[in-house]
2 protein chains.
Amino acid sequence: MASAPHLLNALKERNVRLTRQRRVVLDALAVSGNHVRAEDLLREGRKRDPNLDRATVYRTLAMLKEHGLIDELDLLHLDGRGHYYEMRGHQDHVHIGCTECGRVTELHSPIVQALLDEVASHTGFRATSARIEVQARCPECAGGNAREQR
Amino acid sequence: MASAPHLLNALKERNVRLTRQRRVVLDALAVSGNHVRAEDLLREGRKRDPNLDRATVYRTLAMLKEHGLIDELDLLHLDGRGHYYEMRGHQDHVHIGCTECGRVTELHSPIVQALLDEVASHTGFRATSARIEVQARCPECAGGNAREQR
DNA sequence: ATACTATTTGCGACAATGTCGCATCTGAGA
DNA sequence: TCTCAGATGCGACATTGTCGCAAATAGTAT
C-alpha cells in the first residue's frame, strides 16, 4: 500500500530525508482523503507505528506545507477550532461549508484563476495559492426552513 | 466616542441586551480597525473597563459572529495561530498576505460576487459570506530576490 | 557491511488560545 | 423601583500546537 507516490517523489527530489515516520504520515494522508485534522493523522498513523508522536505529525505537516505539498484549511471553524489538511492538487478550489449541518463541498472553477490574476494586476502581489472558504446553507438545510431567512 | 453605531443599532434591532461590556468591546473593535485579535480587543477594552474579562470578549465575539456582524479570519497563519476579527462590511473582499513580511492587503473585486454566484448555480449552496485568503509575495519581497522562485 | 554525522524523533514540559460551570450582578421592561 | 432572564467574572480546564534536548536513524562514504 505505497500511497501518495506523488508526495514521496516530490520529497526525494528535494532531498528530504525519508524517515519511517514520514512515510507513515504520508500513508495516513493518502488514506484519509481530504479535510483531515492533525489528530486524525496521528491516530491513523499509529495504526502503522504505535510510537508515532504528536510532535512528529505536526513537524511533518509543517514541512509538507513549507514545500507547498499540502494546504492548511480551517473550514470556517464550522466544527471545532482546529485545522484541516489536504494534499495540494493541480489547482486551487473553493470549499463550501454548510453552517447548519457542517457538510463541506468543493468546487473547481476558472473564476478562481481569474481572481488570482486580478490580485496580481491590482496589487502587484504574486499569488502562490489561495484559500477560499464559503459559508453557506446547503440545499437540504435551506429547504427545510426556507422561510426563516436569517 | 460612541463608535460603531452601525453595530449598536443592529444589536438593538435584534433585542440583544446592551451591557457596558458589550459597548466596550464594540468600541474597541471600532478603534482597532481591521484584523484585530481577541487579545488586542481585551487589552484595548480594559482601557475602558479594567475588569473586562477574557471570556466576555470571546463570548461577545461569538455573539457578533453568530449575528453575522463580524467576520473571523486567520489570515493564513502568517503570524501565529490565533484568529482575527473585523466588522463585516457591505461586501466580501479578498485578503492577501505576504508569506515573507506578513503584510496584509485587501482587494475589493466584482469577481468575488461572480464566484458566489457560481457556487450557487453549481452546487445549490446558498452563500452567506465568503472568506478569501491569498498567499502571495508582495512586490517588495518578490523584487528583492525575484530570481529564486522556489 | 560498517562507520559516520547531520537530521529527525520521542518525550515531557510548556505556551497560546479558547471554553465552561456557577455564583453574582445587571439591563431593561413593567 | 422591582424583577428576573440573561450576562459577567472568576477560576479551572480543554485543545491545539511548540520547543529543548538526549537518543535514534537515514543516507552517504569507506
Side-chain angles (χ1 to χ4, degrees), chain A residues 7-28 35-46 48-67 70 72-85, chain B residues 2 7-28 35-46 48-67 69-70 72-85:
Chain A
L7 290 189
L8 268 180
N9 290 334
L11 291 180
K12 278 180 194 164
E13 276 171 23
R14 292 156 196 259
N15 294 319
V16 171
R17 194 185 277 188
L18 278 179
T19 65
R20 178 170 37 85
Q21 290 88 339
R22 285 180 177 165
R23 292 172 191 274
V24 163
V25 172
L26 293 186
D27 267 16
H35 317 153
V36 203
R37 294 176 311 161
E39 208 183 335
D40 298 329
L41 286 178
L42 178 59
R43 196 169 35 245
E44 184 64 32
R46 278 185 169 161
R48 298 160 174 74
D49 177 350
N51 292 324
L52 182 65
D53 195 76
R54 201 155 46 110
T56 301
V57 172
Y58 281 113
R59 287 192 278 233
T60 301
L61 286 173
M63 182 271 293
L64 291 171
K65 185 180 162 198
E66 216 155 279
H67 283 281
I70 59 172
E72 186 187 29
L73 319 167
D74 70 11
L75 297 180
L76 293 157
H77 299 290
L78 293 179
D79 171 49
R81 67 219 79 92
H83 293 142
Y84 298 81
Y85 300 89
Chain B
L7 290 190
L8 269 180
N9 291 335
L11 291 180
K12 276 179 194 162
E13 277 172 22
R14 293 156 195 261
N15 294 320
V16 171
R17 194 184 280 188
L18 277 179
T19 65
R20 176 170 39 81
Q21 291 88 337
R22 285 180 176 167
R23 291 173 192 274
V24 162
V25 172
L26 291 186
D27 268 17
H35 315 153
V36 204
R37 294 175 311 163
E39 207 183 334
D40 298 329
L41 286 178
L42 177 59
R43 197 170 35 246
E44 184 65 32
R46 277 185 171 162
R48 296 160 174 75
D49 177 348
N51 292 324
L52 181 64
D53 195 78
R54 204 154 43 109
T56 302
V57 172
Y58 281 112
R59 287 191 277 233
T60 302
L61 287 174
M63 182 270 291
L64 291 171
K65 186 180 161 199
E66 216 155 280
H67 283 282
L69 299 173
I70 60 172
E72 186 186 30
L73 319 168
D74 70 10
L75 297 182
L76 292 158
H77 299 290
L78 294 179
D79 172 49
R81 65 217 83 91
H83 293 143
Y84 297 82
Y85 299 89

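- Following rounding to the nearest Å, A/Arg37 (CZ) and D/dA14 (C1') show an atom-to-atom distance of 14 Å.
- Counting only distance, with no hydrogens or angles, the side chain of A/Arg22 and the backbone of A/Arg17 share a donor-acceptor pair below 3.5 Å.
- Remark: C1' of D/dG17 and CG of A/Asp40 are 15 Å apart, rounded to the nearest angstrom.
- Heavy-atom nearest nucleotides on DNA chain C were determined for B/Asn15 and for B/Gly82, and the one closer to the 5' end corresponds to B/Gly82.
- Listed by chain and number, the residues in a side chain to side chain donor-acceptor pair (under 3.5 Å) with A/Glu44 are A/Lys47, A/Arg48 (sequence neighbours excluded).
- The nearest heavy atom of DNA chain C to B/Arg23 and to B/Glu39 marks one nucleotide each, and the one closer to the 5' end goes with B/Glu39.
- Within the nucleic acid shown, B/Arg54 comes within 4.0 Å of at least one base atom, counting heavy atoms only.
- The phosphate of D/dT18 (OP1 or OP2) has no side-chain N or O of A/Tyr58 nearer than 4.0 angstrom.
- One atom, CZ of A/Arg17, and another, C1' of D/dT25, lie 7 Å apart when rounded to the nearest Å.
- With rounding to whole Å, B/Leu11 atom CG is found 11 Å from D/dA7 atom P.
- Taking only side-chain nitrogens and oxygens, B/Gln21 comes nearer than 4.0 Å to OP1 or OP2 of D/dG9.
- In this entry the distance linking CE of A/Met63 with C1' of D/dT18 reads 17 Å, nearest Å.
- Atom CZ in B/Arg59 sits roughly 8 Å away from atom C1' in D/dG9 (whole-Å rounding).
- Using a 30° and 60° split on the angle between ring planes, B/His77 and B/His83 fall in the tilted class, from 30° to 60°.
- The separation between A/Tyr85 atom OH and D/dT16 atom C1' is 9 Å, rounded to whole Å.
- The base of D/dA26 is not paired with the side chain of A/Arg20 by any donor and acceptor separated by under 3.5 Å.
- Between B/Leu41 atom CG and B/Thr60 atom OG1 the span is 9.5 Å, to the nearest 0.5 Å.
- As judged by a 4.0 angstrom heavy-atom cut-off over every strand, A/Arg22 is placed among residues touching the sugar-phosphate backbone only.
- At whole-Å resolution of the value, CG in A/Asp53 and P in D/dA22 are 17 Å apart.
- For A/Lys65, the side chain to side chain donor-acceptor pair (under 3.5 Å) criterion is met by A/Glu72, not counting sequence neighbours.
- Rounding to the nearest 0.5 angstrom, the gap separating the CD1 atom in B/Ile70 from the CE atom in B/Met63 is 8.5 Å.
- Taking CG of A/Leu26 as the reference point, atom CG of A/Leu64 lies at 6.0 Å (rounded to 0.5 Å).
- First and last contacts of DNA chain C with chain B, using any nucleotide atom under 4.0 Å from a protein heavy atom and ordered 5' to 3', fall at C/dA16 to C/dA28.
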